[in-house]
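Not measured: the values here are computed from a predicted model. We're numbering straight along the sequence, starting at 1.
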Amino acid sequence: MSQGGNAVKSGQELENKVQAIFDSYDFNYEKQVPFINTYTLPGKMDFVIDNIAIECKNQNGTGTADQKFPFVYDDLCLFPSERGLVVLGGRWYTEGPKAEAIHRYLDKKKEETPTFDWCLIDGFDSWLQENL
């Protein structure tokens with residue numbers, strides 16, 4: 001499978017985990033919600049629940065998903081919702097060589113923009129309980 005094909009499959013796996021958590025609580029949510037993105041092009045937000053836009057990013061090895069965080073952040077700020085959340089999955093974001101730097105970047109954005117937040121998939125259930 002190509003690197004792009006692996007990335008799509010990996011992203012779908014994380015989205016399936018997020019969806020399973022929503023379903024376990026019987027939450028109402030929308031999936032793949034259309035909007036006009038940062039480039040003024042049609043895009044889709046992975047999930048919207050209770051006026052929270054959620055984007056999922058999964059990465060297990062080298063690649064470019066982590067390089068897209070400024071774009072993801074801008075999209076979450078642009079999306080017509082009260083809050084934005086990035087859910088991260090995969091080894092790259094927990095033990096990869098850039099994990100600490102990525103966490104620092106996202107923490108900085110969280111400090112700058114109180115309506116923005118992020119969490120790892122392992123903490124997503126707790127995040128929902130604390131924020132919904």
Identify all side-chain donor-acceptor contacts of residues 67-79 below 3.5 Å with residues at least two apart in sequence or on another chain.
| unit_1 | atom_1 | unit_2 | atom_2 | d |
| --- | --- | --- | --- | --- |
| Y73 | OH | T113 | OG1 | 2.3 |
| D75 | OD1 | T38 | N | 2.9 |
| D75 | OD1 | T38 | OG1 | 2.5 |

Check: Is E112 salt-bridged to K109, going by a charged N under 4.0 Å from an acidic O?
Finding: yes
Are [X] and [Y] packed together at the side-chain level, in the sense that at least one heavy-atom pair is separated by less than 4.5 angstrom?
| X | Y | value |
| --- | --- | --- |
| D50 | F27 | no |
| V18 | I121 | yes |
| T62 | W92 | yes |
| Q32 | M45 | no |

Notebook entry, point to check: Do you know which two heavy atoms are closest between W127 and C119, and how far apart they sit?
Noted result: CB-SG, 4.2 Å
Next item on the list: Identify whether V48 and F35 are in the same connected component of the hydrophobic contact network (ILVMFWY, side-chain heavy atoms under 4.5 Å).
Entry: yes
Next item on the list: Determine whether L120 and V87 fall in the same hydrophobic cluster, where Ile, Leu, Val, Met, Phe, Trp and Tyr are linked whenever their side-chain heavy atoms lie under 4.5 Å apart.
Entry: no
Checklist line | Short side-chain to backbone donor-acceptor contact, N58 and G90, under 3.5 Å | finding: yes
Notebook entry, point to check: For K17, does the NZ atom sit with more than 12 other heavy atoms under 6.0 Å from it, leaving out its own atoms?
Noted result: no
Notebook entry, point to check: How long is the span from the CG atom in N16 to the CG atom in D23, to the nearest 0.5 Å?
Noted result: 10.0 Å
Checklist line | Given K31, E55, K57, the one that forms side chain to side chain contact (heavy atoms under 4.5 Å, CB included) with D46 | finding: E55
Notebook entry, point to check: What orientation do W118 and H103 show, parallel under 30°, tilted 30 to 60°, or perpendicular over 60°?
Noted result: tilted
